[in-house]
Amino acid sequence: MEIKIDDRKKIAFPRINHYGYAIKYIVEQGLGAQYVLLPPATKKTTELGSKYSPDYACAPFKHTLGSLIEALEAGADILVETGGLCRLGYYGALQKEIIRELGYKCEFVNLAEYMGGKKKEWLKLAKQLSPKLKPAKFTAGAYEGVKMAEYMDEIEEIYYQNAAFETEKGRYKKAYRQFLLKMQTAENWQEIREGYQAVKGAFDEIETRIPEQPVRIGIVGEYFTIMDGHSNQFLQEKLVNLGASVYRFLNVTNCHFRAKEPALRPRIKAYADYNMGPTTTWTVNAALDYAKQGFDGIVHVKSFGCTPEMDAIPVLQNISKDYHIPILYLSYDTQESDTGLDTRLEAFYDMLERKKKVLR
């Protein structure tokens, strides 16, 4: 019996929220390559990244570096770094040097070098990653992968806005996890669509008791940390468990497909007359929207030393003063203990709840 050897390149991408499932789909169904899908991040991931990172590096740098090292240990041949916005544009080059110094042999693709490039340049890159690439298949796979990311964003929004009010605890989480599992294992568009429709139906069947005036909290802040549960110590889940309806504007769908940063600047002109950095416009815009909609509170999330988000804080303070909306400021590095965070969140939620009862 002839044993077939899979000689396809193994591609890896740093962990960020659940987007690895969409990236896996694009790599395997579009490129025809293998994708190294890592298990959820652990304390070891953070420790690895911190050990080999410069002291001044922010938390996202440490988390992504830890992911890349674990991917290499899992057999990855090609590492793809997002390049990102902000200083991440330089981080890809620095991470490449760190990995080389550690003695790993691999191809390293820094997407920062392709940002703003034309379609043909992206196709050229795709062919480098997968020499047997079929352009039509890649285009279809990329489109379907993007739609998967949009579905995941939509379902995640529904989950965090409603899970606190279910009458039978755990039903929302069970349906949500089943949906994510289907996205993880999807191999074609039909499976993606069926998974999406199934979770929508499951959510519709869950009985909820939503208060007439629920405590609504908006989350704003630095792009990576705000989306990645491991990086923010599962902030949104903690707020849901306290009883809040949680909203987060910053995600891949809103920030990359619906609300381009330059188009938002006129909306925040009264508070910020110029661009302060990569995701700061989204932060200020979201905070202003939450304030205008009468939200009860806002949580601002940033990684330690994130200059753009530090610049955003005085602007958020002005919004807080003008609209009388409390804002909790959280700064993350590589801490692991939940005790301090839990205490602050409980105090913040209790304060919002008491304020709501008084105003009633």
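All residue numbers in this chain count up from 1 along the given sequence. What's counted below: heavy atoms across the whole structure, side chains too, no hydrogens, waters or symmetry copies.
Here F203 pairs with Y172 under the ring-ring contact (aromatic ring centres under 6.0 Å, His included) rule; sequence neighbours left out. Remark: V109 engages I78, V80, L111, Y114, L125, L129 in a side-chain contact (heavy atoms from CB on, under 4.5 Å) (not counting sequence neighbours). By the salt bridge (charged side-chain N to carboxylate O under 4.0 Å, His left out) test, D204 pairs with no residue at all, sequence neighbours left out. By the side-chain contact (heavy atoms from CB on, under 4.5 Å) test, E168 is found to be paired with R171, residues two or more places apart in sequence or in another chain being considered. For D311, the salt bridge (charged side-chain N to carboxylate O under 4.0 Å, His left out) criterion is met by no residue, not counting sequence neighbours. By the salt bridge (charged side-chain N to carboxylate O under 4.0 Å, His left out) test, R265 pairs with E261, sequence neighbours left out. Every residue two or more places apart in sequence or in another chain that forms a salt bridge (charged side-chain N to carboxylate O under 4.0 Å, His left out) with K147 is listed here: E150.
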Counting only pairs under 3.5 Å, give me each side-chain donor-acceptor contact of residues 320-331, with atom names and distances, residues two or more places apart or in other chains.
{"residue": "S320", "atom": "OG", "partner": "I325", "partner atom": "O", "Å": "2.6"}
{"residue": "D322", "atom": "OD2", "partner": "Y271", "partner atom": "OH", "Å": "2.7"}
{"residue": "S331", "atom": "OG", "partner": "K302", "partner atom": "NZ", "Å": "3.1"}

Report, one line per pair, each donor and acceptor closer than 3.5 Å where one atom sits in a side chain of residues 227-236; sequence neighbours left out.
{"residue": "D228", "atom": "OD1", "partner": "N17", "partner atom": "N", "Å": "3.0"}
{"residue": "D228", "atom": "OD2", "partner": "S231", "partner atom": "N", "Å": "3.1"}
{"residue": "D228", "atom": "OD2", "partner": "S231", "partner atom": "OG", "Å": "2.6"}
{"residue": "H230", "atom": "NE2", "partner": "T46", "partner atom": "OG1", "Å": "3.0"}
{"residue": "N232", "atom": "OD1", "partner": "F234", "partner atom": "N", "Å": "3.0"}
{"residue": "N232", "atom": "OD1", "partner": "L235", "partner atom": "N", "Å": "3.0"}
{"residue": "N232", "atom": "ND2", "partner": "T225", "partner atom": "O", "Å": "2.9"}
{"residue": "N232", "atom": "ND2", "partner": "I226", "partner atom": "O", "Å": "3.3"}
{"residue": "N232", "atom": "ND2", "partner": "D228", "partner atom": "O", "Å": "3.2"}
{"residue": "Q233", "atom": "NE2", "partner": "S337", "partner atom": "O", "Å": "2.7"}
{"residue": "Q233", "atom": "NE2", "partner": "D338", "partner atom": "OD1", "Å": "3.0"}
{"residue": "Q236", "atom": "OE1", "partner": "R248", "partner atom": "NE", "Å": "2.8"}

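The pair K44-E70 does not count as a salt bridge, with every side-chain nitrogen at least 4.0 angstrom from each carboxylate oxygen. Salt bridge absent: D296 and K355 never bring a charged side-chain N and a carboxylate O closer than 4.0 Å. Between K182 and E194 there is no salt bridge, since no side-chain N of the basic residue sits under 4.0 Å from a carboxylate O of the acidic one. The pair E346-K238 does not meet the salt-bridge criterion, since no charged nitrogen lies less than 4.0 angstrom from a carboxylate oxygen.
No donor-acceptor pair under 3.5 Å is formed between the side chain of N254 and the backbone N or O of L250. E353 places no side-chain N or O within 3.5 Å of a backbone atom of Y349 that could act as its donor or acceptor partner. Formation of a donor-acceptor pair under 3.5 Å by the S245 side chain with backbone atoms of Q161 is found in this model. K96 contributes no side-chain N or O that, together with a main-chain N or O of E81, makes up a donor-acceptor pair within less than 3.5 Å. Looking only at distances, a side-chain donor or acceptor of N241 sits under 3.5 Å from a matching main-chain atom of E237.
The heavy-atom pair separating A312 from T280 by the smallest distance is CB-CG2, 3.5 Å. The shortest non-hydrogen separation linking K62 to S53 is CG-OG, 3.6 Å. The minimum heavy-atom distance linking M148 with A186 is given by the pair CE-CB, 4.2 Å. Contact between C255 and F249 at its shortest, heavy atoms only, is SG-CE2, 4.5 Å. Shown here for R267 and L288, the closest heavy-atom pair between the two residues is O-CD2, 3.6 Å. Closest approach of H63 and D333 over heavy atoms only: NE2-O, 3.9 Å.
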Any chance you could lay out the side-chain hydrogen bond (donor to acceptor under 3.5 Å, both in side chains) test for Q95 and Y52, step after step, and finish with the verdict? CA-CA 9 Å; Q95 288 177 336; Y52 299 112; over 6 Å; no

Assess the residue pair F138 and K134 against the criterion (side chain to side chain contact (heavy atoms under 4.5 Å, CB included)); give the C-alpha distance rounded to whole Å, side-chain angles, the decisive distance to 0.1 Å, and a yes or no. CA-CA 6 Å; F138 171 68; K134 297 178 180 179; over 6 Å; no

Kindly indicate, with the supporting measurements, whether the criterion side chain to side chain contact (heavy atoms under 4.5 Å, CB included) is fulfilled by C106 and I99. CA-CA 9 Å; C106 66; I99 286 168; 4.2 Å; yes

CA sep, side-chain torsions, deciding dist, call: K24, F13, side chain to side chain contact (heavy atoms under 4.5 Å, CB included): CA-CA 9 Å; K24 172 180 179 288; F13 195 89; over 6 Å; no

Hey, mind stepping through L239 and Y160 against side chain to side chain contact (heavy atoms under 4.5 Å, CB included) and telling me if it holds? CA-CA 9 Å; L239 289 172; Y160 285 120; over 6 Å; no

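Side chains of Y19 and D153: a donor-acceptor N/O pair is present below 3.5 angstrom, by distance only. Counting only N and O atoms by type, the side chains of E73 and Y104 include a donor and acceptor under 3.5 Å apart. Between the side chains of S67 and R15, at least one donor N or O lies within less than 3.5 Å of an accepting N or O. Looking at Q197 and Y151, their side chains never bring a donor and an acceptor atom within 3.5 Å of each other. A donor-acceptor pair shorter than 3.5 Å cannot be found between the side chains of R216 and Y290. Between the side chains of T253 and E154, no donor-acceptor pair is found at a separation under 3.5 Å. Of the N and O atoms on the side chains of E309 and S303, not one donor lies less than 3.5 Å from an acceptor on the other residue.
The neighbour count for R100 CZ, taken as heavy atoms of other residues, nucleotides or ligands under 6.0 Å away, is above 12. The neighbour count for K169 NZ, taken as heavy atoms of other residues, nucleotides or ligands under 6.0 Å away, is above 12.
Contact check for L345 versus L242: side-chain heavy atoms found under the 4.5 Å cut-off. Here the side chains of L65 and I98 are in contact, with some heavy-atom distance below 4.5 Å. Under the 4.5 Å side-chain criterion, counting only non-hydrogen atoms from C-beta, K9 is not in contact with S130.
The six-membered or imidazole ring of F179 lies away from that of Y196, with a centre-to-centre distance of 6.0 Å or more.
Membership of the apolar cluster around V36 extends to L38, as traced through chained side-chain contacts below 4.5 Å between ILVMFWY residues. Grouped by direct or indirect side-chain proximity (heavy atoms under 4.5 Å, Ile/Leu/Val/Met/Phe/Trp/Tyr only), F165 sits with I210. Taking Ile, Leu, Val, Met, Phe, Trp and Tyr as hydrophobic and joining them when side-chain heavy atoms fall under 4.5 Å apart, one finds M310 isolated, its cluster having no other members.
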